[in-house]
Number of protein chains: 2
Amino acid sequence: MVTLAEVARHAGVSASTVSYVLSGKRSISAGTRERVERSIQELGYHPNAGARALASSKSNVIALMMPLRTDMYVPVMMEIAVAVATTARGHGYDVLLLTREEGPAAVRRVTGSGLADAMILMDVELDDDRLPLLREAPQPAVLIGLPADTAGLTCVDLDFVATGALCVEHLAGLGHRDIAVIGEAPAVYERHTGFAERTLEGLRAKARELDVRLLHRPCEVGYGPTATTLARIFDERPGTTGFVVQNESAVEPLLGLLRLRGRAVPEDVSVVAVCSDQVALQASVRLTSVSLPADEMGRRAVSRIVAKLEGRGADEVELLTPKLTVRASSGPAPD
Amino acid sequence: MVTLAEVARHAGVSASTVSYVLSGKRSISAGTRERVERSIQELGYHPNAGARALASSKSNVIALMMPLRTDMYVPVMMEIAVAVATTARGHGYDVLLLTREEGPAAVRRVTGSGLADAMILMDVELDDDRLPLLREAPQPAVLIGLPADTAGLTCVDLDFVATGALCVEHLAGLGHRDIAVIGEAPAVYERHTGFAERTLEGLRAKARELDVRLLHRPCEVGYGPTATTLARIFDERPGTTGFVVQNESAVEPLLGLLRLRGRAVPEDVSVVAVCSDQVALQASVRLTSVSLPADEMGRRAVSRIVAKLEGRGADEVELLTPKLTVRASSGPAPD
DNA sequence: GGAGGGCGTCGAAGCGCTTCGAAAGAGCCT
DNA sequence: AGGCTCTTTCGAAGCGCTTCGACGCCCTCC
């Protein structure tokens, strides 16, 4: 393996000079810089990550703590990860993949070992057990999601309360008085995952405000569970004409089931989904949806982390404003 | 941050003794070990990753190069990543997430900088541009997938040729003489992704052998494209009674579309999918499928990497034998 | 009772890089 | 011409850990 010292010898300069050429922290004459750069090329030199981390106390790695369950939002999680990885690379950082399942131990490992310079955490629960550690960690962190207490934390998330409100508002505006919500899997609520509860909160508040009847039912992933949930909903509220689908994987089954029941979308029944634009456009009916800007959340999270690593930017909660796009799945309520 | 030296002072021993307690590379008396371990606990010591990497030339990190597209098999990729991350942690390794898109440059970065001790590559193309570098890299690597030339490489993959054959065999055995294949997106074939081409090869070979007519059509992700593809298939081969679905995301749309056309599954039409068991079970019809053992592939890949890092295990291609599970979506051909 | 051999521990030398202080030279002013 | 500043480069220290050789001790064996 080629070392700094070899490059220095090859270029006829000292090691520190090579280091300064690389980091740009001191001015180097054009001639020397060129000579060094040529040597680096010729020898195929790559700085040793460990040595660099040791000497500079910076690893140039961002840790990403990701949930590895498969009971929810896999594509969204993936999309966030993609955005994080790509954006981070753009800023010169690599991404270390940690599992949400390791919990606080992983946080401790990172903060203790200097494995990473900063952390991005996904799948934040309202009262997340990683938060206390995070607050005292020397490394900055950004949450993608919103816990109950955000003091001393930086968060990026979609404003799910507004998202819920927006869905109800849209349907109510079209004259729907009976709205059903196909929610996340029960386990998601049991974990007190922030976004699920907040969406519900927004849905309920707006429903109360606009005097619309709202029925919320959690729903496991899969066609069967969706069918059961739908049947229950129609049993309980036969007059339901509006649906809000929070659970991406329930979208296609729901549309299929409505078709089977002879309920036309959007003539008889309107559907609003909270999902990525991709899903909304690929479904069998082009869905009216509030988009889940996974990509943007990932990018923002990295930007904030990088800002903090560079000493800019304070702790702050950034809630992205949801946007509802009207497509072919919603229309006026039948009379 | 607590250092080895501080632990040593606290325990009243030398730094090297602490190091040996940690690594177990030399015997330590029970008393000393306990004292040191207590100090480690009390001080909350975590070894510095950079220093460790520098001194031992081992980073305890495995790089995972993952495709970050969303045009195919997102859940499968995710499942593999999960398995890799979890298994790796079980062996004491962390996982560095690299994007497939960085291509050979990422391989060079890893091999040059000592960022990782080994690499696992996904989304392998038949003539992958990362392979030459890999062959001369000092770090071991495992491919999840199968390139055309496997000399000097270690690969883990499902035997997709056998998978294709199995699907045709099953349908032909039920009396189907006209089989259509809903394939991956055209881009996947254009990239010469190994598994797609191999599956097709297996399908074709077996069809020829059993004298069955086979129609293969690539298909973009989404309901619309699936509908178009299906329409074309029935135009071209109205007598089609057997379907092989290679593309997970086409499963639910296909079932819905068949229902719309009034073709009952499995009475009129049989469907065999190549997908994870989860998808097979969650679809609107419990699918006869060849399962994609993503989890096992991830685990095997890590096992092989760890073996190589420990000096065991040679270069080898490991093809997992596909298993077809008969469920409710396939039955005898109508006459 | 002295030689030989383990066992347990220590000290010191790096691993490859960053970074600080200082030296060497060049250019300018008085 | 001497002193000053500014630019460019160098040398050396040190980041926290691993690891090798060596040392001291106790036990065993003839």
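The side chain to side chain contact (heavy atoms under 4.5 Å, CB included) test applied to A:N48 returns A:M1, A:A51, not counting sequence neighbours. For the salt bridge (charged side-chain N to carboxylate O under 4.0 Å, His left out) test, no residue two or more places apart in sequence or in another chain qualifies with A:E34. Contacts of A:Q139 classified as side chain to side chain donor-acceptor pair (under 3.5 Å), with partners at least two apart in sequence or in another chain: none. By the side chain to side chain donor-acceptor pair (under 3.5 Å) test, A:D117 pairs with A:S59, sequence neighbours left out. Residues satisfying the side chain to side chain donor-acceptor pair (under 3.5 Å) criterion with B:E102, sequence neighbours excluded, are A:R89, B:R109. Legend: residues meeting side chain to side chain contact (heavy atoms under 4.5 Å, CB included) with B:T3, ordered by chain and number and at least two apart, are B:A5, B:E6.
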Show me, pair by pair, the donor-acceptor contacts under 3.5 angstrom made by side chains of residues 35-47 of chain B, not counting sequence neighbours?
residue: B:R35; atom: NH1; partner: B:A11; partner atom: O; Å: 2.7
residue: B:S39; atom: OG; partner: B:H10; partner atom: ND1; Å: 2.8
residue: B:S39; atom: OG; partner: B:R35; partner atom: O; Å: 3.2

Pair up each side-chain donor or acceptor in residues 14-24 of chain A with any protein partner under 3.5 Å, not counting sequence neighbours, and list the distances.
residue: A:S14; atom: OG; partner: A:S16; partner atom: OG; Å: 3.0
residue: A:S14; atom: OG; partner: A:T17; partner atom: N; Å: 3.4
residue: A:S14; atom: OG; partner: A:T17; partner atom: OG1; Å: 3.1
residue: A:S23; atom: OG; partner: A:S19; partner atom: O; Å: 3.3
residue: A:S23; atom: OG; partner: A:K25; partner atom: N; Å: 3.3

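Rotation axes derived from the C1' atoms of the five outermost pairs at either end of the helix from C:dG1-D:dC30 to C:dT30-D:dA1 lie 50° apart, to the nearest 10°.
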What does the list of N/O pairs under 3.5 Å between the protein and nucleotides 6-8 of chain D look like, with a distance for each?
residue: D:dT8; atom: OP2; partner: A:S27; partner atom: OG; Å: 2.8

Pair A:K308-A:E316, salt bridge (charged side-chain N to carboxylate O under 4.0 Å, His left out): steps then yes or no: CA-CA 11 Å; A:K308 286 177 108 182; A:E316 214 175 323; over 6 Å; no

Nucleic acid footprint by protein, nucleotides 11-18 of chain C - heavy-atom cut-off 4.0 Å, B for base, S for sugar-phosphate alone: B--BBBBB

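Residue pairs that meet the salt bridge (charged side-chain N to carboxylate O under 4.0 Å, His left out) test with at least one member in residues 130-139 of chain A, sequence neighbours left out, are A:D128-A:R130, A:R135-A:D149.
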